[in-house]
Amino acid sequence: MNLEIIVLAAGKGTRMRSRLPKVLHKLAGKTMLQHVLDTSAKLAPIQTTIVYGFGGDQVQSSCVGQQLSWVEQVEQNGTGHAVAQALPLLSDNSVSLILYGDVPLITTSTLQGLLDSIDSTEKLAILTCDLVEPSGYGRIVRNEGNEVIGIIEHKDATDKQREIREINTGIMAVSTQLLRTWIPALSNDNTQGEYYLTDIVALAEASDIKIKTHQPEAVCEIEGINSRSQLATLERIHQNNLCEYLMDQGATLLDPSRVDIRGELTVGTDVVIDINVVFEGRVDIAADVSIGPNCVIKDAAIGKGTVINANTVIDGASIGAHCSVGPFGRLRPGTELKDGAKVGNFVEVKKSVIGAGSKVSHLSYIGDAVLGARVNVGAGTITCNYDGKNKFRTVMEDDVFIGSNSSLVAPVVIAKNSTVGAGSTITKDVPTDSLAIARAKQRNVEGWKKP
Ligand code: UD1
Ligand code: CA
(Lines give C-alpha, C1' and ligand atoms only; values in the text may rest on other atoms or scores of the structure.)
(Ligands and ions follow the chains in the order given, each with its own letter.)
Protein backbone atom coordinates (compact mmCIF):
# COMPACT_ATOMS: atom_id res chain seq x y z
CA MET A 1 0.00 0.00 0.00
CA ASN A 2 1.50 3.33 -1.07
CA LEU A 3 1.19 5.91 1.63
CA GLU A 4 0.84 9.66 1.11
CA ILE A 5 1.27 11.90 4.16
CA ILE A 6 -0.48 15.28 4.14
CA VAL A 7 0.34 17.65 6.98
CA LEU A 8 -2.08 20.55 7.45
CA ALA A 9 -0.12 23.51 8.73
CA ALA A 10 -1.75 26.60 7.25
CA GLY A 11 -3.54 27.84 10.36
CA LYS A 12 -2.33 31.26 11.45
CA GLY A 13 -1.99 30.54 15.13
CA THR A 14 -3.23 33.98 16.19
CA ARG A 15 -3.45 32.93 19.83
CA MET A 16 0.29 32.26 20.00
CA ARG A 17 0.85 36.03 19.54
CA SER A 18 4.08 35.38 17.74
CA ARG A 19 6.01 36.37 14.64
CA LEU A 20 6.89 32.70 14.32
CA PRO A 21 4.43 30.46 12.44
CA LYS A 22 2.67 28.29 15.04
CA VAL A 23 4.10 24.96 13.87
CA LEU A 24 7.64 26.27 14.38
CA HIS A 25 7.20 26.67 18.11
CA LYS A 26 9.21 24.02 19.88
CA LEU A 27 8.21 21.17 22.13
CA ALA A 28 11.06 19.29 23.81
CA GLY A 29 13.51 21.33 21.75
CA LYS A 30 12.03 20.35 18.38
CA THR A 31 9.44 22.18 16.28
CA MET A 32 5.89 20.81 16.43
CA LEU A 33 6.06 20.26 12.68
CA GLN A 34 9.29 18.27 12.95
CA HIS A 35 7.69 16.03 15.59
CA VAL A 36 4.93 15.20 13.11
CA LEU A 37 7.41 14.70 10.26
CA ASP A 38 9.70 12.42 12.29
CA THR A 39 6.78 10.34 13.55
CA SER A 40 5.16 9.94 10.13
CA ALA A 41 8.49 9.25 8.36
CA LYS A 42 8.65 5.96 10.28
CA LEU A 43 5.60 4.81 8.27
CA ALA A 44 7.73 4.96 5.09
CA PRO A 45 5.43 7.18 2.97
CA ILE A 46 6.07 7.66 -0.75
CA GLN A 47 5.59 11.40 -0.31
CA THR A 48 5.01 13.93 2.46
CA THR A 49 3.15 17.09 1.48
CA ILE A 50 2.95 20.09 3.77
CA VAL A 51 0.10 22.56 3.33
CA TYR A 52 1.41 25.86 4.64
CA GLY A 53 -0.10 29.31 4.91
CA PHE A 54 1.81 31.95 6.86
CA GLY A 55 5.59 32.33 6.99
CA GLY A 56 6.17 29.86 4.18
CA ASP A 57 9.88 30.77 3.92
CA GLN A 58 10.41 30.25 7.62
CA VAL A 59 8.55 26.95 7.65
CA GLN A 60 10.42 25.65 4.61
CA SER A 61 13.83 26.70 5.89
CA SER A 62 13.12 24.89 9.17
CA CYS A 63 12.94 21.69 7.12
CA VAL A 64 16.00 22.04 4.88
CA GLY A 65 17.57 18.83 3.72
CA GLN A 66 14.34 16.84 4.01
CA GLN A 67 12.48 15.29 1.09
CA LEU A 68 9.16 17.16 1.29
CA SER A 69 6.54 18.57 -1.05
CA TRP A 70 5.12 22.01 -0.32
CA VAL A 71 1.83 23.57 -1.27
CA GLU A 72 0.53 26.95 -0.23
CA GLN A 73 -3.01 27.56 0.97
CA VAL A 74 -3.34 31.29 0.39
CA GLU A 75 -6.64 31.70 2.20
CA GLN A 76 -7.58 29.44 5.08
CA ASN A 77 -11.01 28.31 3.96
CA GLY A 78 -11.15 25.17 6.06
CA THR A 79 -9.59 21.74 6.36
CA GLY A 80 -11.34 20.46 3.19
CA HIS A 81 -9.98 23.43 1.24
CA ALA A 82 -6.51 22.76 2.70
CA VAL A 83 -6.54 19.14 1.51
CA ALA A 84 -7.83 20.29 -1.90
CA GLN A 85 -4.56 22.25 -2.36
CA ALA A 86 -2.53 19.05 -1.92
CA LEU A 87 -4.69 16.85 -4.17
CA PRO A 88 -2.90 17.57 -7.48
CA LEU A 89 0.38 16.34 -6.00
CA LEU A 90 -0.94 13.00 -4.78
CA SER A 91 -0.56 9.70 -6.61
CA ASP A 92 -3.46 7.37 -7.28
CA ASN A 93 -3.42 3.87 -5.84
CA SER A 94 -2.44 5.25 -2.49
CA VAL A 95 -3.85 5.90 0.93
CA SER A 96 -3.62 9.47 2.20
CA LEU A 97 -2.93 9.97 5.87
CA ILE A 98 -3.98 13.45 6.97
CA LEU A 99 -2.14 14.90 9.95
CA TYR A 100 -2.09 18.27 11.69
CA GLY A 101 1.17 20.21 12.07
CA ASP A 102 0.02 21.48 15.46
CA VAL A 103 -0.70 18.05 16.96
CA PRO A 104 2.89 17.08 17.81
CA LEU A 105 2.63 14.07 20.10
CA ILE A 106 0.85 11.67 17.79
CA THR A 107 2.71 8.35 17.81
CA THR A 108 3.75 6.05 15.01
CA SER A 109 2.00 3.10 16.64
CA THR A 110 -1.35 4.92 16.81
CA LEU A 111 -1.02 5.93 13.15
CA GLN A 112 -0.07 2.39 12.21
CA GLY A 113 -3.15 1.15 14.06
CA LEU A 114 -5.30 3.59 12.08
CA LEU A 115 -3.77 2.46 8.78
CA ASP A 116 -4.17 -1.21 9.73
CA SER A 117 -7.91 -0.68 10.12
CA ILE A 118 -8.29 0.08 6.41
CA ASP A 119 -8.40 -2.76 3.93
CA SER A 120 -9.61 -2.98 0.34
CA THR A 121 -13.28 -2.62 1.27
CA GLU A 122 -13.00 0.00 3.99
CA LYS A 123 -11.39 3.07 2.52
CA LEU A 124 -11.87 5.62 5.26
CA ALA A 125 -10.64 5.42 8.82
CA ILE A 126 -10.79 8.23 11.31
CA LEU A 127 -8.92 8.63 14.54
CA THR A 128 -11.45 9.35 17.26
CA CYS A 129 -11.19 9.77 20.99
CA ASP A 130 -13.65 9.62 23.88
CA LEU A 131 -13.23 12.80 25.93
CA VAL A 132 -14.75 13.81 29.24
CA GLU A 133 -14.72 17.43 28.02
CA PRO A 134 -15.50 17.23 24.27
CA SER A 135 -16.53 20.88 23.87
CA GLY A 136 -15.20 22.54 20.71
CA TYR A 137 -14.43 19.37 18.81
CA GLY A 138 -16.30 17.82 15.91
CA ARG A 139 -18.50 14.94 17.20
CA ILE A 140 -18.74 11.45 15.75
CA VAL A 141 -22.35 10.69 14.83
CA ARG A 142 -23.29 7.01 14.78
CA ASN A 143 -26.52 5.18 13.83
CA GLU A 144 -28.40 2.56 15.88
CA GLY A 145 -26.03 -0.07 14.49
CA ASN A 146 -23.15 1.96 15.95
CA GLU A 147 -21.84 2.72 12.46
CA VAL A 148 -20.33 6.13 11.81
CA ILE A 149 -22.60 8.20 9.60
CA GLY A 150 -21.09 11.65 9.90
CA ILE A 151 -19.09 14.23 11.80
CA ILE A 152 -20.84 17.32 13.09
CA GLU A 153 -18.77 20.36 14.07
CA HIS A 154 -19.39 21.70 17.56
CA LYS A 155 -20.61 25.02 16.18
CA ASP A 156 -23.11 23.26 13.90
CA ALA A 157 -24.24 20.69 16.46
CA THR A 158 -27.55 20.51 18.30
CA ASP A 159 -27.58 20.36 22.11
CA LYS A 160 -28.27 16.64 21.84
CA GLN A 161 -25.31 16.10 19.50
CA ARG A 162 -23.09 18.12 21.83
CA GLU A 163 -23.62 15.42 24.46
CA ILE A 164 -21.64 13.01 22.27
CA ARG A 165 -18.25 12.39 23.85
CA GLU A 166 -16.57 10.67 20.94
CA ILE A 167 -14.71 13.41 19.08
CA ASN A 168 -12.94 13.74 15.76
CA THR A 169 -9.22 14.20 16.26
CA GLY A 170 -8.93 15.44 12.67
CA ILE A 171 -6.47 12.68 11.78
CA MET A 172 -7.75 10.30 9.12
CA ALA A 173 -6.62 7.76 6.54
CA VAL A 174 -8.47 7.70 3.25
CA SER A 175 -8.16 6.24 -0.24
CA THR A 176 -6.64 9.00 -2.36
CA GLN A 177 -8.91 8.14 -5.31
CA LEU A 178 -12.03 8.53 -3.17
CA LEU A 179 -10.66 11.74 -1.71
CA ARG A 180 -10.43 13.09 -5.27
CA THR A 181 -14.11 12.40 -5.83
CA TRP A 182 -15.28 13.71 -2.46
CA ILE A 183 -13.28 16.92 -2.04
CA PRO A 184 -14.86 18.76 -5.02
CA ALA A 185 -18.29 17.84 -3.64
CA LEU A 186 -17.77 19.70 -0.36
CA SER A 187 -19.76 22.85 0.28
CA ASN A 188 -19.14 25.70 2.69
CA ASP A 189 -22.77 25.97 3.71
CA ASN A 190 -22.21 25.91 7.48
CA THR A 191 -21.87 28.31 10.41
CA GLN A 192 -18.18 28.98 9.72
CA GLY A 193 -18.47 29.27 5.92
CA GLU A 194 -15.61 26.78 5.61
CA TYR A 195 -15.03 23.70 3.49
CA TYR A 196 -15.03 20.97 6.11
CA LEU A 197 -12.90 17.92 5.41
CA THR A 198 -15.09 16.14 7.91
CA ASP A 199 -18.02 16.28 5.48
CA ILE A 200 -16.39 13.51 3.43
CA VAL A 201 -17.58 11.14 6.14
CA ALA A 202 -21.20 11.74 5.20
CA LEU A 203 -20.26 11.36 1.50
CA ALA A 204 -18.57 8.03 2.27
CA GLU A 205 -21.59 6.85 4.20
CA ALA A 206 -23.85 7.92 1.29
CA SER A 207 -21.82 5.74 -1.08
CA ASP A 208 -22.05 2.80 1.34
CA ILE A 209 -18.40 2.85 2.27
CA LYS A 210 -17.91 1.51 5.74
CA ILE A 211 -16.13 3.98 8.00
CA LYS A 212 -13.63 2.61 10.46
CA THR A 213 -12.50 4.28 13.65
CA HIS A 214 -9.41 3.85 15.75
CA GLN A 215 -8.47 5.42 19.07
CA PRO A 216 -5.05 6.64 20.27
CA GLU A 217 -3.24 5.06 23.21
CA ALA A 218 -3.17 8.37 25.12
CA VAL A 219 -5.16 11.60 24.91
CA CYS A 220 -2.01 13.77 24.69
CA GLU A 221 -1.35 12.25 21.26
CA ILE A 222 -4.30 14.04 19.72
CA GLU A 223 -4.03 17.34 21.55
CA GLY A 224 -3.61 20.36 19.31
CA ILE A 225 -1.77 23.51 20.32
CA ASN A 226 -3.33 26.94 19.92
CA SER A 227 -1.68 28.92 22.71
CA ARG A 228 1.59 29.09 24.61
CA SER A 229 -0.24 27.85 27.66
CA GLN A 230 -1.34 24.70 25.84
CA LEU A 231 2.21 24.30 24.54
CA ALA A 232 3.59 24.44 28.09
CA THR A 233 1.00 21.94 29.30
CA LEU A 234 1.81 19.49 26.55
CA GLU A 235 5.55 19.97 27.12
CA ARG A 236 5.09 18.91 30.76
CA ILE A 237 3.02 15.87 29.81
CA HIS A 238 5.65 14.88 27.26
CA GLN A 239 8.55 15.38 29.69
CA ASN A 240 6.70 13.30 32.28
CA ASN A 241 6.29 10.48 29.79
CA LEU A 242 9.98 10.64 28.84
CA CYS A 243 10.97 10.51 32.51
CA GLU A 244 8.67 7.54 33.16
CA TYR A 245 10.45 5.77 30.33
CA LEU A 246 13.90 6.58 31.78
CA MET A 247 12.85 5.24 35.17
CA ASP A 248 11.58 2.07 33.47
CA GLN A 249 15.06 1.72 31.98
CA GLY A 250 16.58 1.72 35.46
CA ALA A 251 17.46 5.37 36.05
CA THR A 252 16.79 7.14 39.35
CA LEU A 253 15.46 10.67 38.88
CA LEU A 254 15.58 12.55 42.15
CA ASP A 255 12.69 14.68 40.88
CA PRO A 256 11.16 13.71 37.52
CA SER A 257 9.47 17.11 37.31
CA ARG A 258 12.87 18.81 37.22
CA VAL A 259 14.60 17.03 34.36
CA ASP A 260 14.18 18.18 30.75
CA ILE A 261 14.93 16.06 27.72
CA ARG A 262 15.18 18.00 24.48
CA GLY A 263 16.43 15.35 22.16
CA GLU A 264 17.23 11.68 22.47
CA LEU A 265 18.54 10.28 25.71
CA THR A 266 19.50 6.70 26.46
CA VAL A 267 20.42 5.51 29.95
CA GLY A 268 21.95 2.36 31.38
CA THR A 269 20.86 0.86 34.69
CA ASP A 270 21.47 2.58 38.02
CA VAL A 271 22.06 5.97 36.48
CA VAL A 272 21.23 8.71 38.99
CA ILE A 273 20.12 12.13 37.78
CA ASP A 274 19.78 14.97 40.23
CA ILE A 275 17.50 17.99 39.78
CA ASN A 276 17.53 20.69 37.08
CA VAL A 277 19.41 18.72 34.50
CA VAL A 278 18.77 19.55 30.83
CA PHE A 279 19.64 17.11 28.08
CA GLU A 280 19.86 18.28 24.47
CA GLY A 281 20.55 16.52 21.20
CA ARG A 282 21.74 12.94 21.39
CA VAL A 283 23.02 11.85 24.79
CA ASP A 284 24.00 8.29 25.71
CA ILE A 285 24.66 7.53 29.36
CA ALA A 286 26.10 4.18 30.42
CA ALA A 287 25.29 2.29 33.62
CA ASP A 288 26.17 3.61 37.08
CA VAL A 289 26.70 7.20 35.93
CA SER A 290 25.76 9.90 38.39
CA ILE A 291 24.81 13.41 37.28
CA GLY A 292 24.72 16.22 39.80
CA PRO A 293 22.24 19.09 39.93
CA ASN A 294 22.11 21.97 37.40
CA CYS A 295 23.95 20.35 34.54
CA VAL A 296 23.36 20.97 30.83
CA ILE A 297 24.43 18.01 28.71
CA LYS A 298 24.28 18.15 24.94
CA ASP A 299 25.42 15.68 22.27
CA ALA A 300 27.53 13.55 24.56
CA ALA A 301 28.38 9.98 25.44
CA ILE A 302 29.23 9.22 29.07
CA GLY A 303 30.91 5.94 30.05
CA LYS A 304 30.11 3.56 32.90
CA GLY A 305 30.53 4.76 36.45
CA THR A 306 31.45 8.34 35.56
CA VAL A 307 30.45 11.15 37.89
CA ILE A 308 29.34 14.50 36.50
CA ASN A 309 29.29 16.93 39.39
CA ALA A 310 26.99 19.91 39.91
CA ASN A 311 26.80 22.87 37.51
CA THR A 312 28.67 21.25 34.68
CA VAL A 313 28.03 22.17 31.03
CA ILE A 314 28.90 19.57 28.42
CA ASP A 315 28.57 20.02 24.65
CA GLY A 316 29.88 17.63 22.03
CA ALA A 317 32.05 15.49 24.29
CA SER A 318 32.88 11.84 24.59
CA ILE A 319 33.60 10.79 28.16
CA GLY A 320 35.05 7.41 29.11
CA ALA A 321 34.31 5.16 32.07
CA HIS A 322 35.00 6.13 35.69
CA CYS A 323 35.79 9.74 34.90
CA SER A 324 34.96 12.72 37.08
CA VAL A 325 33.90 16.12 35.76
CA GLY A 326 33.12 19.32 37.67
CA PRO A 327 31.65 20.77 39.78
CA PHE A 328 31.55 23.77 37.43
CA GLY A 329 33.23 21.91 34.60
CA ARG A 330 32.87 22.94 30.98
CA LEU A 331 33.50 20.48 28.18
CA ARG A 332 33.21 22.00 24.72
CA PRO A 333 32.92 20.31 21.31
CA GLY A 334 35.65 17.87 20.38
CA THR A 335 36.55 16.94 23.94
CA GLU A 336 37.45 13.35 24.66
CA LEU A 337 38.09 12.01 28.14
CA LYS A 338 39.69 8.58 28.30
CA ASP A 339 38.84 6.19 31.12
CA GLY A 340 39.53 7.46 34.61
CA ALA A 341 40.28 11.03 33.56
CA LYS A 342 39.42 13.91 35.86
CA VAL A 343 38.38 17.42 34.89
CA GLY A 344 37.79 19.45 38.02
CA ASN A 345 36.18 22.71 38.98
CA PHE A 346 36.40 25.79 36.77
CA VAL A 347 38.18 23.88 34.05
CA GLU A 348 37.32 24.48 30.39
CA VAL A 349 38.31 21.86 27.83
CA LYS A 350 37.90 22.33 24.09
CA LYS A 351 38.82 19.99 21.21
CA SER A 352 41.27 18.07 23.35
CA VAL A 353 42.00 14.54 24.47
CA ILE A 354 42.56 13.96 28.17
CA GLY A 355 44.34 10.61 28.45
CA ALA A 356 43.54 7.73 30.78
CA GLY A 357 43.92 8.60 34.42
CA SER A 358 45.03 12.16 33.66
CA LYS A 359 43.92 15.02 35.87
CA VAL A 360 43.16 18.67 35.23
CA SER A 361 41.75 19.48 38.62
CA HIS A 362 41.40 23.24 39.01
CA LEU A 363 40.96 26.50 37.12
CA SER A 364 42.50 25.64 33.76
CA TYR A 365 41.96 26.10 30.04
CA ILE A 366 42.89 23.16 27.84
CA GLY A 367 42.29 23.83 24.13
CA ASP A 368 43.56 21.96 21.04
CA ALA A 369 45.64 19.71 23.28
CA VAL A 370 46.45 16.03 23.48
CA LEU A 371 47.29 14.66 26.91
CA GLY A 372 48.67 11.17 27.29
CA ALA A 373 48.04 8.88 30.26
CA ARG A 374 48.59 9.85 33.90
CA VAL A 375 49.31 13.50 33.13
CA ASN A 376 48.81 15.91 36.01
CA VAL A 377 47.98 19.47 35.10
CA GLY A 378 48.36 21.89 38.01
CA ALA A 379 45.89 24.59 38.95
CA GLY A 380 45.67 27.60 36.70
CA THR A 381 47.40 26.05 33.69
CA ILE A 382 46.58 27.60 30.34
CA THR A 383 47.25 26.23 26.88
CA CYS A 384 47.94 29.36 24.80
CA ASN A 385 46.48 27.88 21.62
CA TYR A 386 45.61 31.04 19.71
CA ASP A 387 47.84 33.78 18.35
CA GLY A 388 44.92 35.95 17.28
CA LYS A 389 44.71 34.31 13.88
CA ASN A 390 45.55 30.60 14.02
CA LYS A 391 45.06 27.77 16.50
CA PHE A 392 47.98 25.55 17.54
CA ARG A 393 48.32 22.22 19.30
CA THR A 394 49.80 21.40 22.69
CA VAL A 395 50.98 17.87 23.42
CA MET A 396 51.61 16.52 26.92
CA GLU A 397 52.89 12.97 26.71
CA ASP A 398 52.41 10.19 29.27
CA ASP A 399 53.32 10.91 32.91
CA VAL A 400 53.96 14.62 32.37
CA PHE A 401 53.53 16.92 35.38
CA ILE A 402 52.67 20.56 34.81
CA GLY A 403 53.24 22.84 37.79
CA SER A 404 50.55 25.31 38.73
CA ASN A 405 50.01 28.58 36.91
CA SER A 406 51.93 27.59 33.80
CA SER A 407 51.34 28.89 30.29
CA LEU A 408 52.05 26.43 27.51
CA VAL A 409 52.49 28.46 24.32
CA ALA A 410 51.49 26.28 21.38
CA PRO A 411 52.68 24.69 19.22
CA VAL A 412 54.61 22.89 21.92
CA VAL A 413 55.36 19.32 23.00
CA ILE A 414 56.14 18.28 26.57
CA ALA A 415 57.65 14.85 26.08
CA LYS A 416 57.21 11.78 28.31
CA ASN A 417 57.72 11.91 32.02
CA SER A 418 58.86 15.56 32.07
CA THR A 419 57.98 18.19 34.64
CA VAL A 420 57.24 21.86 34.14
CA GLY A 421 57.99 24.04 37.15
CA ALA A 422 55.17 26.12 38.56
CA GLY A 423 54.65 29.53 37.02
CA SER A 424 56.52 28.69 33.82
CA THR A 425 55.82 30.13 30.40
CA ILE A 426 56.81 27.29 28.10
CA THR A 427 57.56 28.33 24.52
CA LYS A 428 59.97 25.55 23.47
CA ASP A 429 59.53 21.78 23.34
CA VAL A 430 60.60 19.89 26.47
CA PRO A 431 62.49 16.61 25.94
CA THR A 432 61.67 13.39 27.86
CA ASP A 433 62.57 12.90 31.52
CA SER A 434 63.48 16.56 32.10
CA LEU A 435 62.50 19.54 34.20
CA ALA A 436 61.63 22.78 32.45
CA ILE A 437 61.54 26.01 34.44
CA ALA A 438 60.80 29.22 32.60
CA ARG A 439 60.15 32.02 35.05
CA ALA A 440 62.03 34.99 36.44
CA LYS A 441 64.43 34.07 39.23
CA GLN A 442 63.36 35.19 42.69
CA ARG A 443 65.39 38.01 44.22
CA ASN A 444 65.01 38.94 47.89
CA VAL A 445 65.89 42.55 48.85
CA GLU A 446 66.60 42.34 52.55
CA GLY A 447 65.83 45.19 54.89
CA TRP A 448 63.70 46.92 52.24
CA LYS A 449 61.74 49.95 53.50
CA LYS A 450 58.08 50.21 52.44
CA PRO A 451 57.26 53.52 50.64
C1 UD1 B 1 -11.02 20.40 13.07
C2 UD1 B 1 -12.13 19.42 12.69
C3 UD1 B 1 -12.87 18.96 13.94
C4 UD1 B 1 -11.89 18.33 14.91
C5 UD1 B 1 -10.76 19.32 15.21
C6 UD1 B 1 -9.70 18.64 16.02
C7 UD1 B 1 -12.89 20.14 10.49
C8 UD1 B 1 -13.91 20.87 9.74
N9 UD1 B 1 -13.04 20.10 11.80
O10 UD1 B 1 -11.59 21.52 13.68
O11 UD1 B 1 -13.85 18.01 13.61
O12 UD1 B 1 -12.55 17.97 16.11
O13 UD1 B 1 -10.14 19.76 13.99
O14 UD1 B 1 -8.78 19.60 16.45
O15 UD1 B 1 -11.97 19.58 9.91
N16 UD1 B 1 -5.96 24.13 8.72
C17 UD1 B 1 -5.42 24.50 7.52
N18 UD1 B 1 -6.15 25.26 6.68
C19 UD1 B 1 -7.39 25.67 6.98
C20 UD1 B 1 -7.95 25.30 8.22
C21 UD1 B 1 -7.21 24.51 9.06
O22 UD1 B 1 -4.27 24.13 7.20
O23 UD1 B 1 -7.98 26.37 6.15
C24 UD1 B 1 -5.17 23.30 9.63
C25 UD1 B 1 -4.80 24.02 10.90
O26 UD1 B 1 -3.53 24.61 10.78
C27 UD1 B 1 -4.78 22.89 11.92
C28 UD1 B 1 -5.82 21.92 11.37
O29 UD1 B 1 -5.96 22.21 10.02
O30 UD1 B 1 -3.54 22.25 11.95
C31 UD1 B 1 -7.15 22.00 12.10
O32 UD1 B 1 -7.64 23.31 12.07
P33 UD1 B 1 -8.39 23.92 13.32
O34 UD1 B 1 -8.92 25.23 12.93
O35 UD1 B 1 -7.52 23.83 14.50
O36 UD1 B 1 -9.54 22.85 13.58
P37 UD1 B 1 -11.08 23.02 13.35
O38 UD1 B 1 -11.33 23.34 11.92
O39 UD1 B 1 -11.61 23.91 14.36
CA1 CA C 1 -11.32 26.34 12.35
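All of these numbers come straight from a predicted model, not from anything done at the bench. Read the numbers this way: they start at 1 and go in the same order the structure lists the ligands and their atoms.
Atoms of ligand 1 lying under 4.0 Å from any heavy atom of Thr198, numbered from 1 in the order shown and given with element: 7 (C), 8 (C), 9 (N), 11 (O), 15 (O). Against a heavy-atom cut-off of under 4.0 Å, Leu8 is close to the following atoms of ligand 1: 22 (O), 24 (C), 29 (O), 30 (O). Proximity to Glu153 (heavy-atom distance under 4.0 Å) selects the following atoms of ligand 1: 2 (C), 3 (C), 7 (C), 8 (C), 9 (N), 10 (O), 11 (O). With ligand atoms numbered from 1 in the order given, ligand 1 contributes 22 (O) to contacts under 4.0 Å with heavy atoms of Ala9. Taking every non-hydrogen atom of Gly138 and a distance limit under 4.0 Å, the qualifying atoms of ligand 1 come out as 3 (C), 4 (C), 11 (O), 12 (O).
Relative to atom 20 (C) of ligand 1, the option among Gly136, Ala82, Gly78 with the closest non-hydrogen atom is Gly78. For atom 29 (O) of ligand 1, the nearest non-hydrogen atom from the set Thr79, Val201, Leu186, Ile171 belongs to Thr79. Counting heavy atoms only, Tyr100 comes closest to atom 1 (C) of ligand 1 of the residues Tyr195, Tyr137, Tyr100, Tyr196.
The pair Asp274-Arg258 fails the salt-bridge criterion, with no side-chain N (NZ, NE, NH1 or NH2) lying under 4.0 Å from an Asp/Glu carboxylate O. Note on Arg139 versus Glu166: no salt bridge recorded, every NZ/NE/NH1/NH2 to OD/OE distance being 4.0 Å or above. Arg180 and Asp92 are joined by a salt bridge, as a carboxylate oxygen and a charged side-chain nitrogen come within less than 4.0 angstrom of each other.
Judged by distance alone, the side chains of Ser18 and His25 do bring a donor and an acceptor atom under 3.5 Å apart.
Under the 30°/60° scheme for interplanar angles, the aromatic rings of His35 and His238 are found to stand perpendicular.
Within the structure, ligand 1 lacks Gly224 among the residues with a heavy atom less than 4.0 angstrom away. Judged by the shortest distance from any of its heavy atoms, Val51 lies outside the 4.0 Å radius around the atoms of ligand 1. Ligand 1 lies less than 4.0 angstrom from a heavy atom belonging to Gln73.
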Notebook entry, point to check: Between Glu147 and Lys210, does a salt bridge (Lys or Arg N to Asp or Glu O under 4.0 Å) hold up when you go through it step by step?
Noted result: CA-CA 8 Å; Glu147 293 165 327; Lys210 201 161 166 225; 5.6 Å; no
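Residue Asn168 has at least one N or O atom closer than 3.5 Å to an N or O atom of ligand 1.
At a heavy-atom cutoff of 4.0 Å, ligand 1 is contacted by the backbone of Asn77 but not by its side chain.
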